[in-house]
Amino acid sequence: MSVKVKEYRGTYYSRKDLEEGRVMAFKDRPEARYAWATGVAMGRFLAELKQGRIVGRKCRVCGRVLVPPRMFCEMCFRPTDEWVYVSDTGTVLTYSVSYLGPAAERLKEPIIIAVIQLDGASPGIGILHKLGEVKPEEVKVGMRVKAVWKPPEEREGAITDILYFRPVEEG
Amino acid sequence: MERRVAVIGVGWSGFAPQTADVSYKELMFEAATRAYDDAGVDPRRDVDSFITCAEDYWEGFSIFDEFVPDQLGAVLKPTCTVSGDGLHGLVNAVMQIESGLFDVVVVEAHSKASDILTYEGLLKFAMDPIFTRPLGWHPYALAGLEMARYLYDTGNTEEHCAMVVEKNRRNALANSLASYAADLTADDVMDSRPLFEPLKELDVAGLADGCVVMVLAAEEVAEKLADKPVWVLGMGWANETISPELRDWCRPVYAEIAADMAYAMAGIKNPAKEIDLLEVDDRFSYKELQHVEALGVCDYGEASRLLEDGVFDRDGDLPVNPSGGSLGVGNLLEASGLFRAMEVVLQLRGEAGRRQVQDVEVGVAQSWRGLPTASGAVVIFGSEKEVKKP
């Protein structure tokens with residue numbers, strides 16, 4: 001409404017009308033399924049996760065170790081040169097305490113999402129994962145963390161083979 | 001054109017029904033590396049802007065343009081995606097150069113069809129949800145409807161369409177990139193299983209994976225870098241309506257309009273005389289005849305006679321799809337048009353190997369975005385900067 005118009009002509013409807021199907025609408029859902037070929041770099045990365053190892057690729061020109069690995073360096077535009085194992089320990093670069101789940105549902109126990117620079121990866125290159133065994137108020141940028149893996153027999157070659165990262169005390 | 005633009009490099013990768021050994025990023029990196037080597041450019045130093053042609057639903061990603069810079073050398077540079085066929089991307093690259101904003105622009109298109117598990121589901125989702133989807137038929141039935149009316153109006157026959165398949169799949173035998181090269185006959189096509197009458201199994205191009213990357217440059221750069229720059233002489237594109245209810249069903253009007261626009265730009269008055277080579281969309285056999293007629297090479301209904309006379313053969317007066325077309329090479333989804341452009345470029349450079357057409361100076365690539373669209377583009381290429389007057 002505006003100052004001049006108190007009520008527009010037409011039929012007003014409420015949320016209830018929508019929910020009860022009194023408003024004409026047409027529903028459909030896409031049948032869209034994919035099986036992305038992981039290729040050389042991601043394929044090796046996932047196979048290594050299954051073995052409890054994290055692998056990256058090194059570009060000899062810029063010297064960076066890319067984790068997750070890729071077969072080309074996006075800055076030098078050339079093939080990367082070698083496989084490099086990195087540690088499953090690292091440092092929190094940034095984090096967020098998430099009170100909403102993937103479908104925007106409110107969570108009683110928040111998820112702590114973090115970017116972790118693994119030891120052996122180049123500065124600023126961090127993988128996305130979750131933190132666990134820690135209270136939200138205890139998390140800090142720069143915190144040292146270590147991967148908590150699924151038991152070997154349950155791993156399937158997926159990023160979720162790492163359950164989460166937990167804080168470690170280092171002397 | 002105000003500022004002349006040339007293709008100075010082409011590269012490809014894949015071109016197989018299945019490329020399970022590489023990711024789409026690795027596929028693109030390989031094609032880009034070849035194109036940059038061919039052009040003699042370093043993408044990090046020499047390329048000003050990058051354009052990719054992709055459709056989110058084919059890729060299975062939202063906002064797919066965000067996923068492309070790394071493997072093209074485009075990180076930290078102007079990059080955009082055209083949601084269209086490769087030729088749509090190419091005309092945008094030409095415009096970016098003509099505007100004076102950039103000197104060197106790269107265009108990329110690919111198909112990773114083997115990553116798609118529900119090809120029919122994606123096609124269905126491109127149709128109207130209220131009027132068409134609920135009817136419950138395969139989207140390729142639209143091609144059956146069009147073919148039926150096209151043959152009815154023009155007098156071209158199913159046998160002529162079968163001859164197109166024979167020609168293209170045999171042409172593909174000389175193309176190492178072709179996934180569906182075969183020494184088969186029109187009779188084999190006529191005997192193949194009916195799909196959506198009059199469309200038969202062998203009238204339809206099979207899917208393939210592949211990536212094409214092309215480097216374009218302004219005249220002064222092109223002449224410095226390339227021994228054989230291939231000039232863009234004209235281009236056009238057009239959309240009809242997505243509503244099948246409103247279509248012509250005989251004439252692909254989108255191709256007529258696109259061709260008229262491109263011919264006007266290139267100064268072509270008599271296409272049959274001034275063009276040496278055609279690469280047109282043939283994802284369904286009848287589309288080749290229909291597109292050749294829409295491009296004004298002959299009247300509607302006359303392509304069949306020219307086909308019978310061998311005019312469209314690789315050694316004929318006006319070779320059509322010497323590459324093998326989509327029927328021979330495979331349906332490369334949004335890369336279909338850019339693949340055709342690459343074939344024209346290689347032919348004009350005299351680098352088409354065993355399938356080289358003799359005495360070619362002007363070649364045309366035409367694209368259609370595939371079912372259920374009625375849109376496409378036409379680009380005219382020349383080994384010289386002007387179309388020679390006959």
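Letters go in sequence order (proteins before strands), and every chain restarts at 1.
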Put together the list of donor-acceptor pairs under 3.5 Å connecting chain A with chain B, please.
| residue | atom | partner | partner atom | Å |
| --- | --- | --- | --- | --- |
| A:Asp28 | OD2 | B:Arg133 | NH1 | 2.7 |
| A:Glu31 | O | B:Thr118 | OG1 | 3.0 |
| A:Arg33 | N | B:Thr118 | OG1 | 2.9 |
| A:Arg33 | O | B:Leu117 | N | 2.9 |
| A:Tyr34 | OH | B:Tyr57 | O | 2.4 |
| A:Ala35 | N | B:Asp115 | O | 2.8 |
| A:Trp36 | NE1 | B:Glu59 | O | 2.9 |
| A:Ala37 | N | B:Asp115 | OD1 | 3.1 |
| A:Val40 | N | B:Glu26 | OE1 | 2.8 |
| A:Val40 | N | B:Glu26 | OE2 | 3.3 |
| A:Ala41 | N | B:Glu26 | OE2 | 3.0 |
| A:Arg70 | NH1 | B:Asp70 | OD2 | 2.6 |
| A:Arg70 | NH2 | B:Asp70 | OD2 | 3.2 |
| A:Met75 | O | B:Arg44 | NE | 2.7 |

Greater than 12 external heavy atoms within 6.0 Å of A:Glu154's CD: yes
Using a cut-off of under 4.5 Å on heavy-atom pairs, state which of B:Gly60, B:Gly73, B:Pro43, B:Ala74 scores highest against chain A. B:Gly60
How about OH on A:Tyr85, more than 12 heavy atoms from neighbouring residues, nucleotides or ligands closer than 6.0 Å, or not? yes
If I compare all heavy atoms of A:Phe77 with all of B:Ala32, which pair ends up nearest, and what's the gap? CZ-CB, 3.8 Å
Is it the case that atom NZ in A:Lys130 sees more than 12 heavy atoms from other parts of the structure closer than 6.0 Å? no
OH/A:Tyr13: more than 12 non-hydrogen atoms of other groups inside 6.0 Å: no
Take atom CZ in A:Arg22; do more than 12 heavy atoms of anything else shown fall under 6.0 Å from it? yes
Side chains of A:Met75 and B:Leu76 in contact at under 4.5 Å (non-hydrogen atoms): yes
Using a cut-off of 6.0 Å, state whether more than 12 heavy atoms not belonging to B:Ile130 lie near its atom CD1. yes
Please state whether the side chain, the backbone, both or neither of B:Pro69 comes within less than 4.5 Å of a heavy atom of chain A. neither
Chain A heavy atoms under 4.5 Å from B:Leu27: which part of the residue, side chain, backbone, both or neither? neither
Closest approach of A:Ala37 and B:Ala20, non-hydrogen atoms and distance? CB-O, 3.6 Å
